[in-house]
Every structure is written in C-alpha cells, then in structure tokens.
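Each ligand, and each atom within it, is numbered from 1 in the order the structure gives. By convention here, the first residue in the shown sequence is residue 1. Every heavy atom of this structure was used, including side-chain atoms; hydrogens, water molecules and symmetry mates were not.
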Amino acid sequence: MLKLNDPSLLETRAFVNGQWIETGDTFPVHNPSTGEKIADVTDLAISDVSHAIDGAYDAKIAWGMKTGKERGAILRKWYDLIVENVDDLASILTAEMGKPLAEAKGEIMYGASYIEWFAEEAKRIYGDVIPGHQPDKRIVVLKQPVGVVGSITPWNFPNAMIARKVAPALAVGCTFVARPAELTPLSALAMAVLGERAGIPSGVFSVITSSDSSAVGKELCANTKVAKITFTGSTRVGKILMEQGAATVKKVSMELGGNAPFIVFDDADIDAAVEGALIAKFRNAGQTCVCANRIYVQSGVYKEFSEKLAQRVAAFIIGDGFGEGVTVGPLINAAALAKVESHLSDAIAKGATLATGGQRHSLGGTFFEPTVVTGMKKNMLVSHEETFGPIAPLFEFETEDEAVELANDTEFGLAGYFYSNDIRRVWRVAELLETGMVGINTGLISTEVAPFGGIKQSGQGREGSKYGADDYLELKYMCFGEIS
Ligand SMILES: NC(=O)C1=CN([C@@H]2O[C@H](COP(=O)(O)OP(=O)(O)OC[C@H]3O[C@@H](n4cnc5c(N)ncnc54)[C@H](OP(=O)(O)O)[C@@H]3O)[C@@H](O)[C@H]2O)C=CC1
Ligand SMILES: O=C(O)[C@H](O)CS(=O)(=O)O
C-alpha cells in the first residue's frame, strides 16, 4: 500500500466540473515494478466527457474575465501546493509509472516550473496598437484565449506533460479538459486535488479518466465546444487526432515522436560526452521523446567513447523505482519490452556487437538491462524507429557532412545533440540539424524557459518559454473608423 503524508492525494474518482465522480465502472492501475494493482479508477462514459466539455464551455467566460493577475495568483497557489506535496506526488508517480523516485521528484518540480512560469506570464499577455492605414483609422490587436482546450497526454511523464499544457491554457483564460493515459491517471487526479485547493473554479480544469482513449479523442475532436486539442504522444496518434480534428477545424498543438541523433565529434570532451549520453539516453529508462535514439561517434574517438560509455552503463542500478539508489526502473509494459527486444535482436542479426547488457534483467517483469551496442548500421530498425527503451546504439562516422546527413535521415525532428569544442563547427551543425531543439555539449535540454517542440513529423507548436502562451491565444484586430 502506498504510504503518503496526505492520503487524500491518492484520488481514484474522475474530476468533472468541480465534482468528484464515481460511475461504478472502473479500470485498474498497476505498478510496473511489481505488477501489483494500486487502484481502481473511475471509467467515465462518453456522456460524462461531453458533460465536462459543457462545464468547461460554461466556465470560460467568467474565467476569461478575471484579470491576468487574478488567474496568475491562483496558478501560483497551485504551484506552492504542488511543491509542498512533492514527496507524495512523486510517490504516486513512481507507483503508477515506475520511474525512480528521484526522477519522479524531478518531474514534479519540472512540471511545477511551468505552472510557476505561466503564473507570472498571465499578467503579460500584451496586444498591439498599429498605426492606422488611413487618417481616420485606429487599429488595435487583442490577444484572446482560444476557449475550451482538450488535452491528451502520455504515460511517461504523467504530471509534467499535463502541467506543460494546462499552465499556459489557464494563464491566458482558457478552460481545460484533461484526459491522462489509462496507465497513469493518478498523477493527473492528484494535480486536480491540489488545483481545487488552490481555488481553480469548477469547470476550469477537469480530469476525465477513461479506458477508451479512442472514444474520448473522437468526442474531443468532434465537439464544437472544444476550440483546441493539445496532444503529447506518438506521431501515429497525433495524425489520427489531426485528421479527426479537421472536421471541425480544430486548432492543434502536437508534441509527437522523436528519433534524436547524438553526435560525438573527435574534438569533443569525451568524458563530458559520456555524461551527456547517459542522461540523454537513459533518463526514464530511455522512455522519453527527446532521448538519444541514435549515437554517432567520429572514428577517431569511437573506441574511447564506446568503452567509457559501456563502463558507466554497466554500473547502473536497476530496480523498483522506490528502491534505494535505483537509477533505472522498469519499462512501462510488456509491449514496450517487446519493442526493445525487437530492435536489439534486429541489430545483432545484422552484425552489431553487444558492449554491455542486452537481455531481460534477472528481476524479471519488464526490467531490461541498460545496453550499449556497437557496430550499428543504417539498415537497422533503430535507425528509423524510436526505441523508447534503455538501448544506446553506437554508429561510427568519418566526416562532419556524413554525420549531419545521417542525423537528418529521419521523418522526425524533435531533439538533436552533439559534442564539439570547435565554435565554427558548433554553428554549422546546429544550423543544419533538422530538429526543433538542439543540445550542444549537454544531454539535458528540457526547461520551462525555452520553447519545447519539434518539426517535421515530431509535431507543431511550442510549450514553455515566452512563446508558450501563443498556442492558447487568438489574435483579434479592431479597426476604429471616423476618428478625426
Ligand atoms: N513530443 C513529446 O513531448 C513527447 C512524445 N511522446 C511520444 O509518445 C510515444 C510514447 O507514448 P505513448 O503513450 O506510447 O504514445 P501514444 O500515442 O500511444 O499515447 C499517447 C496518449 O494518446 C492516447 N491515445 C492512444 N490512441 C488514441 C486515439 N486513437 N485517440 C485518442 N487518444 C489516443 C493514449 O491513451 P491510452 O494509452 O490510454 O490508450 C495516451 O493517453 C512515443 O512515440 C514518444 O515519442 C511521449 C512524450 C513526450
Ligand atoms: O518525453 C517526454 O515526455 C518529455 O517531453 C520529456 S522532457 O520534457 O522531460 O524532456
């Protein structure tokens, strides 16, 4: 049983229009480290989802009429409550998702940083005054909230992916209907408990828990009271939602799949590059969209980098996310494990060589040994598919042009990383990489102060930073005539 300082944070009812809802229908939530059931969560019907949308639509006028300062104050209170309860929120997150407790705490604080950031930005949603085009004309541009936002988020960051969306939405005056992944609804519900305590008015932030993501997605896309869909997840599902949303011309923000290249040039600090690769590849057991999916190492430093990386990876501590000192937890489910094994067996069959790891961990379940594999070639599955697991595939290259060509040889374009101490090379490569984000001599780029998002088939829109509110705003232009 989960031991919490505040057991009321382990909520299993859906939160709709300020009411905690039980329908009698539930779906189970399991701990991926142990396989044990940790809760039965309300399984809403589509009529309940539609009711949540109605409530958000009814609430948007009053919420939008508050000043930015008033909305910001409520968001700031929410931030303070999240920080005060970080230990319980992290325990709930580790229990339902499996990541090590230290990483879970990091995620809670990372998600909270977006709520803090947009609590401040709420007061700064400025419009424009444009010089008139005729003597009697005066032109003013307003920025107004888009309205009701439907949100669908993945299991791998069950707190931060919602926080990264709900914060800007509420800051600018939108209302928000969140549907968390079936695998990890508890973190979202705990956010709703604290949001209610912070004074978020009923209807402004609802959490609709459901085992039928497809049906919820169809309702959010078809319901004309929903102005916008914001989605984080696979490119496959993003395309489904974009197609479904087209029927009602839904605005969309899409944070989708990745296939990040991680390039080590021969002028790099190799020890620093190893540290960067450990973070970029193995954070969340490799289950992040910005993970290094392909590691390209220039031939002159390939042996040194490979050996140093393998040595560090072999020292990882695998186990239950609650375990003391554990640095790599389980994969989320059997399907994730099967994908990791398929990518690895494909690579080995095509000539790759194991440097460390390479098999299911002796703990059983969905634990997999963190793995380094060398001798990778572009005809291997890992080159073109997102592994979403703890495998570091090392490819060798000779020239800078070759590295850039290999890095860009993907339909994805979310994150890219490289290590080099040649300033001219840094600018050349950074400008040529076809990604929305580039880490230069660092393997960790996610922060609320910068615009997070991808290009190509990794999505559209940006989350966080001074740009992050734009996805939740409409421009309205007013032309005043007869002014003389
Ligand atoms: N760009 C980014 O910031 C991020 C991208 N991702 C990407 O997400 C993937 C991993 O997450 P994963 O959960 O497996 O991704 P999925 O796309 O399978 O699921 C993401 C969310 O979409 C829901 N969903 C699934 N099918 C549909 C549908 N037909 N209609 C509406 N909603 C649906 C899921 O619900 P349910 O699971 O309950 O069915 C889940 O809540 C990877 O590709 C990763 O790169 C992940 C995190 C961040
Ligand atoms: O992969 C994800 O779900 C997150 O976007 C990763 S990050 O924002 O924590 O880097």
TODO: For the residue pair Glu96 and Ser187, confirm or rule out a side-chain donor-acceptor distance under 3.5 Å.
DONE: yes
- [ ] Ignoring hydrogens, just give me the one of Thr235, Leu220, Thr184, Asn156 whose non-hydrogen atom is nearest atom 46 (C) of ligand 1.
- [x] Asn156
TODO: Return the orientation label for the Trp20 and Phe15 ring planes: parallel under 30°, perpendicular over 60°, tilted otherwise.
DONE: tilted
Open item on the list: Give me the nearest non-hydrogen protein atom to atom 22 (O) of ligand 1 as residue plus atom name, then the distance to 0.1 Å.
Closed with: Phe231 CE1, 3.3 Å
Task: Atoms of ligand 1 close to Leu414 [distance to a heavy atom under 4.0 angstrom, numbered from 1] - done: 1 (N)
Task: atom 37 (O) of ligand 1: the protein heavy-atom neighbour that sits closest, reported with distance to 0.1 Å - done: Ala181 CB, 4.1 Å
Task: Part of Arg164 with heavy atoms under 4.0 Å of ligand 1, whether side chain, backbone, both or neither - done: side chain
Open item on the list: Judged on heavy-atom distance to atom 15 (O) of ligand 1, which of Ser234, Ala160, Pro158 sits nearest?
Closed with: Ser234
Task: Nearest-neighbour protein heavy atom for atom 14 (O) of ligand 1, which is reported as residue plus atom name and distance - done: Trp155 NE1, 3.3 Å
TODO: Find all atoms of ligand 1 within a distance of less than 4.0 Å from any non-hydrogen atom belonging to Thr153, and give their numbers and elements.
DONE: 21 (C), 40 (C), 41 (O)
Open item on the list: Is any side-chain heavy atom of Arg283 closer than 4.5 Å to one of Val290?
Closed with: yes
Open item on the list: With nothing but distance in play, are any N or O atoms of Glu255 less than 3.5 Å from an N or O of ligand 1?
Closed with: yes
Open item on the list: Which option wins on minimum heavy-atom distance to atom 28 (C) of ligand 1: Gly459, Ser210, Ser214, Pro180?
Closed with: Ser214
Task: Selected option - heavy-atom contact closest to atom 26 (N) of ligand 1, from Val216, Ile240, Val237 - done: Val237
Task: Flag side-chain contact, heavy atom, 4.5 Å: Pro168 against Trp117 - done: no
Task: ligand 1 N/O within reach of Ile152 N/O, cut-off under 3.5 Å - done: no
Open item on the list: So that I can tick it off, tell me whether Arg360 and Glu369 are bridged by a salt bridge, with the cut-off set at under 4.0 angstrom between side-chain N and carboxylate O.
Closed with: no
TODO: Can you figure out which of Tyr110, Tyr114, Phe388, Phe157 has its heavy atom closest to atom 6 (C) of ligand 2?
DONE: Phe157
Open item on the list: When you compare ligand 2 with Arg283, is there at least one nitrogen or oxygen pair between them that comes in under 3.5 angstrom?
Closed with: yes
Open item on the list: Just to confirm my output: which protein heavy-atom neighbour is closest to atom 2 (C) of ligand 1, and how far is it?
Closed with: Cys289 SG, 2.9 Å
Task: Donor-acceptor side-chain pairing of Thr232 and Lys165 below 3.5 angstrom - done: yes
Task: Distance-minimising heavy-atom pair for Thr209 and Thr42 - done: OG1-O, 2.6 Å
- [ ] Assess the side chains of Lys250 and Thr248: does a donor N or O sit below 3.5 Å from an acceptor N or O?
- [x] yes
Open item on the list: Heavy-atom pairs closer than 4.0 Å: do any link ligand 1 to the side chain of Glu386, the backbone, both, or neither?
Closed with: side chain
Open item on the list: Considering non-hydrogen atoms of the protein only, which is the closest contact for atom 4 (C) of ligand 2, and what is the distance?
Closed with: Met161 CE, 3.7 Å
- [ ] Compute the shortest N/O to N/O distance between Arg179 and ligand 1 and return yes if it is under 3.5 Å, no if not.
- [x] yes
Open item on the list: Give the atom numbers and elements of ligand 1 that come within less than 4.0 Å of a heavy atom of Leu256.
Closed with: 1 (N), 2 (C), 4 (C), 5 (C)
Task: Location of contacts on Phe157 toward ligand 1, heavy atoms closer than 4.0 Å - done: neither
Task: Residue pair Thr26 / Val41, side-chain heavy-atom distance below 4.5 Å - done: no
Open item on the list: Cys289 versus ligand 2: do any nitrogen or oxygen atoms come within less than 3.5 Å of each other?
Closed with: yes
Open item on the list: Tell me whether the rings of Tyr114 and Phe118 are parallel (<30°), tilted (30 to 60°) or perpendicular (>60°).
Closed with: parallel
TODO: Show the numbers, then the answer: is there a side-chain hydrogen bond (donor to acceptor under 3.5 Å, both in side chains) between Gln457 and Lys239?
DONE: CA-CA 9 Å; Gln457 297 193 33; Lys239 290 177 177 177; 2.7 Å; yes
Open item on the list: Rounded to the nearest 0.5 Å, what separates atom CG in Leu89 from atom CG in Leu186?
Closed with: 11.5 Å
- [ ] Kindly assign one of parallel, tilted or perpendicular to the pair Trp155 and Phe388, based on the angle between their ring planes and the thresholds 30° and 60°.
- [x] perpendicular
Open item on the list: Closer than 4.0 angstrom, basic N to acidic O: yes or no for Asp271 and Lys308?
Closed with: yes
- [ ] Determine whether Pro330 and His361 make a side-chain contact, defined as any pair of heavy atoms from C-beta on separated by less than 4.5 Å.
- [x] no
- [ ] Measure the distances from the heavy atoms of Arg164 to every atom of ligand 2 and state whether one is below 4.0 angstrom.
- [x] yes
Task: Contact atoms of ligand 2, heavy-atom distance to Val290 under 4.0 Å - done: 10 (O)
TODO: Can you sort out which atoms of ligand 1 are near Glu182, meaning under 4.0 Å from one of its heavy atoms?
DONE: 38 (O)
TODO: For Phe388, counting its heavy atoms only, list the atoms of ligand 1 lying under 4.0 Å from any of them.
DONE: 10 (C), 42 (C), 44 (C), 45 (O)
- [ ] Can you figure out which of Gly258, Ala415, Ser213 has its heavy atom closest to atom 39 (O) of ligand 1?
- [x] Ser213
Task: Protein contact to atom 8 (O) of ligand 1 [nearest heavy atom, distance to 0.1 Å] - done: Gly233 C, 2.9 Å
Task: Nearest-neighbour protein heavy atom for atom 48 (C) of ligand 1, which is reported as residue plus atom name and distance - done: Thr232 CG2, 3.1 Å
TODO: Report yes if the side chains of Ile46 and Lys218 come closer than 4.5 Å at any heavy-atom pair, otherwise no.
DONE: no
Open item on the list: Is there a side-chain contact between Val252 and Phe231 in this structure, where contact means two heavy atoms from C-beta onward sitting under 4.5 Å apart?
Closed with: no
TODO: Can you pull out the closest protein heavy atom to atom 7 (S) of ligand 2? Residue, atom name and distance to 0.1 Å, please.
DONE: Ser446 OG, 3.4 Å
TODO: With heavy atoms under 4.0 Å as the rule, classify the contact between Asn156 and ligand 2 as side chain, backbone, both or neither.
DONE: side chain
